[in-house]
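This report concerns only the one structure given below.
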Number of protein chains: 2
Amino acid sequence: MSKGIVKIAEICGVSIATVSRVLNNSGPVKESTRARILQIAQELNYKPNSNARSLSRRRTDTIGVILPELVDEFFMGVIQGINEVANRHQRYIMLSSSHSQRDELETMLEFMNGGRVDGVILMAPALHHTMKTILKSNTRPLVLLNCRPGIPGIVSINFDNFQGAKVATEHLIQHGYQKIAMITGPEINNDARERFRGFQSALKENNINLPESFIVPGEFNIESGYYGFMRLMSLPEKPRAIFAANDMMVLGAYEAAKSLKLRIPEDVAIAGFDDIFLGRLLNPRLTTVHAPIVEMGRAAMQQILKMVDEKWRPEEEYTIHLSTGLVIGGSCGCKNNNGNNFV
Amino acid sequence: MSKGIVKIAEICGVSIATVSRVLNNSGPVKESTRARILQIAQELNYKPNSNARSLSRRRTDTIGVILPELVDEFFMGVIQGINEVANRHQRYIMLSSSHSQRDELETMLEFMNGGRVDGVILMAPALHHTMKTILKSNTRPLVLLNCRPGIPGIVSINFDNFQGAKVATEHLIQHGYQKIAMITGPEINNDARERFRGFQSALKENNINLPESFIVPGEFNIESGYYGFMRLMSLPEKPRAIFAANDMMVLGAYEAAKSLKLRIPEDVAIAGFDDIFLGRLLNPRLTTVHAPIVEMGRAAMQQILKMVDEKWRPEEEYTIHLSTGLVIGGSCGCKNNNGNNFV
DNA sequence: ACATAAAATGTAAACGTTTACATTTCTTGT
DNA sequence: ACAAGAAATGTAAACGTTTACATTTTATGT
């Protein structure tokens, strides 16, 4: 027997066009037939075949999301925000996390040219140049997370890393520390670079000298935080405070401090960036910059929907900065009055 | 001008059938034309339209994944495993996390009848009965995570909660503790029930009495762990050891212990379940049961692909148990020799 | 050179919708 | 009762593939 819309049409003794009109609320249909069709559809448990539908309408109601990896609390937050807005607008999300850059490119190509999605949210703190050329062709709406490629017609969303880092650093300065070091993030990472710039800027404006040795490179993971801390503390002239480019590295630093029997913040103060869940459990609680990750996911989805639904495209490069905020714990030297430290 | 496969056909001066054959490696094609077609396709940056393709082949190479919420490290792990296998098999994953049960049902219906996916992985520790009726119609391959609905033809994958809980409890018993309490999980949660059963079983086999007051209900979150611990410690007869149904609750318990100035494990020993990242950072490090979450994701994807590709369906109810393992920290009373406690 | 089979290619009908356009059926005012 | 316009419905052509079947071309053995 016939299927889908045709079946309904046969049962109701109308044409498929009428059925389609009812199902999509397009064009006028007599109330009685509308009701009848709706009822039969209900009874048959009918759901329109989305492939046929997408083929015809040339849109899928699906947004592709490409993330670098799926390991972090960080990505979880972004997905959560994306999903939230997607749900609200009845969109589906196609998720892909690519381990290799090869995968990333392949997926992007598929998304851009394969008709699988209406638009793409790409999170890529570091952009392969082949990817850049792909992005320039710019076939479908695209929102970039955590990077600014300088390509017209593309929206990118970033934390205000510069400002956040600056504020955190200023806070350390206000405590009276003069010897402040930083454990940076990977050179290629856009966030990392901006955070470093913010740090520098704060020092400069306060006329605080920054010796080369006070800049140690990290990799955004626990281990590099550990070794970064160790390295700083083995300097002849030790820093009094450390700003770490992300919280993960702070975890390593705490561990290192413990094994060196250094107290935080009495011997060395610390501030981080991201405001991961764990930071709130540290003892002393971590002073850090809150990165609004869920908000980033939401904003990304909202932007992409705007582009898809309203065919809106930015004229030039268009960057949204999500403002960050300082979360004060005890690690910077502030009196830490919260009782959330389990450990 | 014409598009897609037609365009290629025109340029190469062949029929679309030939192009299709080349692109899909179906049927024989002369080597020279094959090469030619492939080259043109390459030049045009051609990707087959997946909607047309799916419509025709009646498969989408996409697997739907429905999760209850997207907040936890737990879900992240599952997705990671799913994604890993999906990548390897060139499949796409459509992710949906539903906050309301209404959403969950709606999404399931769409996935099952809308032709958007080839199969569904559903994680639902508690199953709405409407969902059960939907599942019985059983239109597409389905893998259930963390629940066993007792419906034939459906695969479900679970941690070996019973065994894990039993082993953990036995470990506490081996330390010589006789007064052992448990903070349980939500009644409706399948994992929670099984873990409780394992706990009971261990006590019973060792002839240890379990007073009613030693069973306090929790909600799998930090707060309930906190209050559960408080409640147990305000009993006239306090437990010497506590088994918590998951690690999140342990976090609350640690906090409570701290505020009561009770030492772990000297005053009260603790064991948890899940082996979350955080547990390794606690001081003392948490003794817990490792739940192989990434493995669960992988297994789920593998099963669903088996069902999709080989049209395999289990005759009856079919449950896979992923074995758990005890991770020994210091919270149970063991000498904790690892140096990973940052805090 | 010819019959026969194998290899290569082409034709056309699906797949299940949407939608522009055409046609029929109602209203409504006269 | 009729014309004119509005409302309701129908027809058929897309959308871009895959694939069964038919046809043409090429290779092989005699």
Side-chain angles (χ1 to χ4, degrees), chain A residues 1-38 40-41 44-62 110-118 139-140, chain B residues 1-38 40-41 44-62 110-118 139-140:
Chain A
M1 186 164 184
S2 48
K3 293 178 90 180
I5 214 180
V6 180
K7 184 168 184 180
I8 298 183
E10 282 170 3
I11 295 180
C12 296
V14 296
S15 75
I16 57 171
T18 303
V19 178
S20 177
R21 272 188 285 257
V22 170
L23 263 23
N24 296 295
N25 264 309
S26 59
V29 175
K30 210 208 299 184
E31 196 43 44
S32 63
T33 56
R34 141 164 289 126
R36 197 162 142 55
I37 289 173
L38 246 27
I40 299 294
L44 294 180
N45 233 310
Y46 170 79
K47 288 278 170 191
N49 180 300
S50 63
N51 294 124
R53 178 180 262 229
S54 296
L55 184 57
S56 185
R57 288 160 115 208
R58 245 153 302 179
R59 65 181 290 197
T60 59
D61 290 340
T62 302
E110 171 73 24
F111 280 176
M112 281 300 185
N113 305 329
R116 224 175 256 279
V117 301
D118 296 334
T139 15
R140 283 174 204 278
Chain B
M1 185 163 185
S2 47
K3 293 179 90 179
I5 213 180
V6 180
K7 185 168 183 179
I8 298 183
E10 281 171 3
I11 296 180
C12 295
V14 296
S15 77
I16 57 170
T18 302
V19 178
S20 177
R21 272 187 285 256
V22 169
L23 263 24
N24 295 295
N25 262 309
S26 59
V29 175
K30 210 209 295 186
E31 197 42 45
S32 63
T33 55
R34 142 165 287 126
R36 197 161 143 58
I37 290 172
L38 246 27
I40 300 294
L44 294 180
N45 233 310
Y46 170 80
K47 287 277 171 193
N49 179 299
S50 63
N51 294 123
R53 178 181 262 231
S54 296
L55 184 57
S56 184
R57 289 163 114 206
R58 244 154 303 174
R59 65 181 289 196
T60 59
D61 290 340
T62 302
E110 171 73 23
F111 280 176
M112 280 302 185
N113 305 330
R116 224 174 254 279
V117 301
D118 297 334
T139 16
R140 282 174 204 278

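Throughout, a chain's letter reflects where its sequence line sits, starting with A, and its residues are numbered from 1. None of the values given here were measured: they were computed from a predicted structure.
Rounded to an integer number of Å, the gap from CG of B/N25 to P of D/dT19 is 13 Å. Residue B/R116 contributes atom CZ, which lies 14 Å from atom C1' of C/dG16 at whole-angstrom precision. Note: CG (B/D61) to C1' (D/dT18) measures 14 Å, nearest angstrom. For the pair B/L23 CG and D/dT19 C1', the computed distance is 15 Å after rounding to whole Å. At whole-Å resolution of the value, CD in A/E31 and P in D/dT9 are 10 Å apart. Across the protein-nucleic acid pair, B/I5 atom CD1 and C/dG10 atom P stand 12 Å apart, rounded to whole Å. Remark: P of D/dC15 and CG of A/N49 are 18 Å apart, rounded to the nearest angstrom. The CG atom of B/L44 sits 15 Å away from the P atom of D/dG16 (whole-angstrom rounding).
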* After noting the C-alpha distance and the side-chain angles of A/T62 and B/R116, does the key distance pass the side chain to side chain contact (heavy atoms under 4.5 Å, CB included) rule? -> CA-CA 10 Å; A/T62 302; B/R116 224 174 254 279; 3.4 Å; yes

* To do: Dump the intermediate steps for side chain to side chain contact (heavy atoms under 4.5 Å, CB included) on B/I11 and B/L44, then the final yes or no.
  => CA-CA 11 Å; B/I11 296 180; B/L44 294 180; 4.2 Å; yes

* Carefully, step by step, assess B/R57 and B/N24 under the rule side-chain hydrogen bond (donor to acceptor under 3.5 Å, both in side chains). => CA-CA 12 Å; B/R57 289 163 114 206; B/N24 295 295; 4.7 Å; no

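The shortest distance between side-chain heavy atoms of A/T60 and A/N51 does not fall below 4.5 Å. Residues A/Y46 and A/I5 are in side-chain contact: their nearest non-hydrogen atoms beyond the backbone lie under 4.5 Å apart. A heavy-atom distance below 4.5 Å is not found between the side chains of B/V19 and B/K7.
Comparing B/L55 and B/A17 by the nucleotide of DNA chain C that holds the closest heavy atom to each, the one mapping nearer the 5' end is B/A17. Comparing B/S32 and B/I16 along DNA chain C, the residue whose closest nucleotide (by nearest heavy atom) sits nearer the 5' end is B/S32.
In this structure, of C/dG10, D/dA8, D/dT17, it is C/dG10 that holds the atom nearest to the side chain of B/V14. Of the candidate nucleotides C/dC15, C/dT17, C/dT11, C/dT17 has the atom lying nearest to any side-chain atom of A/P48. Comparing D/dT18, D/dG10, C/dG16 against the side chain of A/T18 picks out D/dG10 as the nearest. Ranking C/dT9, D/dC15, C/dT19 by closeness to the A/R57 side chain, first place goes to C/dT19. Considering only the side chain of B/P28, C/dT9 comes nearest among C/dT17, C/dT9, D/dT11. In this structure, the nucleotide among D/dT9, C/dA7, C/dT17 sitting nearest to the side chain of A/T33 is D/dT9.
At C/dT17, none of the side-chain N or O atoms of A/S20 fall inside 4.0 Å of OP1 or OP2 (strictly under the cut-off). Between A/S56 and the phosphate of D/dC15, there is no side-chain N or O to OP1/OP2 separation shorter than 4.0 Å. Not one side-chain nitrogen or oxygen of A/K30 sits closer than 4.0 Å to the OP1 or OP2 atom of D/dA8. At the phosphate of C/dT17, OP1 or OP2 sits under 4.0 Å from a side-chain N or O atom of A/Y46. When the side-chain nitrogen and oxygen atoms of A/R58 are compared with OP1 and OP2 of D/dC15, none of them lie within a distance under 4.0 Å.
Nucleic acid contact for A/N24: sugar-phosphate only, since backbone atoms but no base atoms lie under 4.0 Å from a heavy atom of the residue.
In the interface, the side chain of B/R21 is paired with the base of C/dG10 through a donor and an acceptor atom under 3.5 Å apart.
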